[in-house]
Amino acid sequence: MSDKAIINLEGKSYELPVITGTENEKAVDISKLRAQSSYVTFDEGYKNTGATTSGITFLDGEKGILRYRGYNIEDLAEKASFTEVMYLLLNGELPTTDQLGTFENNLTQHTLVHENLVKVFEVFPTGSHPMGQLMTMMASLSSFYPDSLNPNKSPEATNLTIIRLLAKMPTLAAMIQKKGKGHPVLYPQNKYDYVTNFLYMTFGNVTEEYHADPVVVDAMNKLLILHADHEQNCSTSTVRMVGSSHANLYASIGAGIAALWGPRHGGANQEVLEMLEYIRDKDNGDVKKVVAEAKDKKRLLFGFGHRVYKNFDPRANILKKACDNILAKLGVNDPLLAIAKELEQAALSDPYFIERKLYPNVDFYSGIIYKALGFPTPMFTVLFALGRLPGWISQWKELRENNEDIGRPRQIYTGPVQRPFPDMKGRK
Ligand code: ACO
């Protein structure tokens, strides 16, 4: 017998269906409640609202589980490449050797961007934030592909747009870093794989041969995989919301980049590093003041807390281990790592953080690794976006394939009730 929820309102009883996911997650389906009773449900910040069904990513915040298409994040980070994970997220299955070869080959055919797009960089003032630039670049890409503005054209056309976008994102991200330094941009090289190509365009130099460090390539693959999807987070929900209006993919992803930029979401990775530097430079490495300020609600402890994880974020666990490893292999001795560990310990043993179940999230250790790899701090959230792109696209694709309804929440109005319009002289 299937479960039903009964809700009693003003003496009347309403039966609501229960839906169950493949991991036994349960939801009360309230979609007909308003039509039947005139009531809506209220859930500010969508803390308890399932906005869609999805077959892409499963996470259990209580148990600290994260899986893409059924595969544990620990296995994917250890055994897969970023392009394999991209393929998995987009298509639902891991690729065979042939499928991966074709996919990677398709990507290499679309890595160049229109030369006029390179000129867009010239209008940015020195020091403009890389995320603002990335948003502009994403919106600008749509201008160069007017044929892809209609997302309902055909599955083949959508697929081409997806490949173009995945292929051009590393080129744009690398250009942002190069232009920020005033260095000439490097054009993609088809001899390199996806991640090496990005590293080459970012850290290579027109004047010399580039030799990719396998430690760096491996670390970058891991970081991108760990960021690749995270079900209905703020930026992904934004991508789905914008996509639900049948806006094109570039516009939908541009909106996702905007949402990711916020310091409570992806922008936290930049904030974490700046916070650690602040502790080092202004507080003599003493972590206690920052913890006390966080408890007094004077500041957030960036890289701590998560809407869904009320236990360790499995991505943070992987990154903490990887961080030690990568820094040792690169021969980097960064005092910020010691400060981060001390801060983590101080927070994890403090009742404020224990009671609120606040644990390190993915952003806590990622910045220290990005720094060791040579990225400037303002680029960190761009790297998050590069990793999250296949997730955003897969979620957008799923929404479109399921022909989901336009996203349009309700509200409870709390403003003035109807009142007469006063003439100017009658206003106070
Ligand atoms: N530092 C100090 N206090 C915190 C923190 C923090 N990082 N996070 C939550 N709290 C406190 C809140 O003030 C609240 O306290 P109260 O019960 O006394 O009012 C309590 O913990 C519960 O927190 P909420 O804000 O209700 O949790 P919510 O789920 O809404 O927010 C969020 C989650 C936005 C991630 C929050 O923890 C935060 O702002 N963290 C810092 C920013 C950060 O690291 N963001 C990255 C998240 S991961 C990602 O997006 C990739």
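This is a predicted model, so every value here is computed, not measured. Counting starts at 1 for both ligands and their atoms, in listed order. Position 1 is the first residue of the sequence, and the numbers go up from there.
Side chain to side chain, Asp193 and Thr196 meet the donor-acceptor criterion of an N or O pair below 3.5 Å.
Under the salt bridge (Lys or Arg N to Asp or Glu O under 4.0 Å) criterion, Asp286 pairs with no residue at all, not counting sequence neighbours.
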Name each donor-acceptor pair under 3.5 Å that joins a side chain in residues 123-143 to protein atoms two or more places apart or in another chain, with its distance.
residue	atom	partner	partner atom	Å
Ser128	OG	Pro125	O	3.4
Ser128	OG	Gln133	NE2	3.0
His129	ND1	Met131	N	3.0
His129	NE2	Gln270	OE1	2.9
Gln133	NE2	Ser128	O	3.1
Thr136	OG1	Gly132	O	2.8
Ser140	OG	Thr136	O	2.6
Ser142	OG	Ala139	O	2.5
Ser143	OG	Ser140	O	3.0

Donor-acceptor list for residues 260-268 side chains, cut-off 3.5 Å, not counting sequence neighbours:
residue	atom	partner	partner atom	Å
His265	NE2	Asn233	OD1	3.4
His265	NE2	Ser235	N	3.2
His265	NE2	Ser235	OG	2.9

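Both tests do not hold together for Arg315 against Tyr309: distance to the six-membered ring centre under 6.0 Å, angle to the ring axis within 45°.
Contact shell of ligand 1 (protein heavy atoms, cutoff 4.0 Å): Pro263, Arg264, His265, Ala268, Lys297, Leu300, Leu301, Phe302, Gly303, Phe304, Gly305, His306, Arg307, Tyr352, Arg356, Leu358, Asn361, Val362, Asp363, Phe384.
Minimum interatomic distance between Ser252 and Val239 (heavy atoms only, all atoms of both residues): O-CG2, 3.5 Å.
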